[in-house]
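What follows is a set of notes on a single structure, which appears directly below.
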Amino acid sequence: MTIKNNLTNYDKNVNRRLNTIDDIFSNFFEDFNKLTHPIYENKSVSPKIDFYETDTKYCLNAELPGILQENIDLKINNNILTIQTKKAEKKEETKNNYHIQERYFGSFYRSIELPNNINENKISASFENGVLNIKIPKQEETKTKKILIKNQKEN
């Protein structure tokens, strides 16, 4: 009976410790989720994009809802395309109404490393209905050229 009681107590202690460990991990991930949830996040946002290619060009579409075209800055430097923008906050004063503000206001950017075979001088962009469409033409492939090796006597 003593051995059985000791094993039962041992099992209870192990279970208690396992439950404590489970609680620690559950709380950790619960706290971590609060950090990434839109209500708790630090307002660090970047536009969502689609990036694809055709035979002649790369295409990038970025969702920028609520952004005015004049607030979009598009730059390329060393094959890094950067979309930078800002969205002004509208201040509202309320007397008896409770408001929740989940929309993001402020500035944000997104940088995308482009392939090496692009033609930077022919990139075009358009903006319609909150979507920025960027067309990035591919550079024509350079063909390998054979170099003739002359005999030293021919020089």
Check: residues 49-60 side-chain donor-acceptor pairs under 3.5 Å, at least two apart:
residue : atom : partner : partner atom : Å
E53     : OE1  : K138    : NZ           : 2.5
T54     : OG1  : T56     : N            : 3.3
T54     : OG1  : K57     : N            : 3.2
T54     : OG1  : K57     : O            : 3.3
Y58     : OH   : N117    : OD1          : 2.9
Y58     : OH   : N117    : ND2          : 3.4

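Other residues, nucleotides and ligands place no more than 12 heavy atoms under 6.0 Å from the NZ atom of K86. For E70, the CD atom sits in a packed shell: over 12 heavy atoms of surrounding residues, nucleotides or ligands are nearer than 6.0 Å.
Taking CG from N129 and CG from L64, the interatomic distance works out to 12.5 Å, rounded to the nearest 0.5 Å. Atom CG of D73 sits about 11.5 Å away from atom OG of S107, to the nearest 0.5 Å.
Each of N61, I83, I67 was scored for a side-chain contact (heavy atoms from CB on, under 4.5 Å) with L132, with one residue passing: I83.
Take Q139 and apply the side chain to side chain contact (heavy atoms under 4.5 Å, CB included) test, not counting sequence neighbours, and it matches N119. When the ring pair (Phe, Tyr, Trp, His ring centres under 6.0 Å) test is applied to F127, no partner is found at least two apart in sequence or on another chain.
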Pair L114-I80, side chain to side chain contact (heavy atoms under 4.5 Å, CB included): steps then yes or no: CA-CA 6 Å; L114 299 174; I80 305 285; over 6 Å; no
Intermediate values then yes/no, side chain to side chain contact (heavy atoms under 4.5 Å, CB included), E120 and I118: CA-CA 6 Å; E120 284 187 9; I118 64 165; 3.9 Å; yes
Worked verdict on T85 versus Y109 for side chain to side chain contact (heavy atoms under 4.5 Å, CB included): CA-CA 6 Å; T85 187; Y109 72 95; over 6 Å; no
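Counting only distance, with no hydrogens or angles, the side chain of T82 and the backbone of K75 share no donor-acceptor pair below 3.5 Å.
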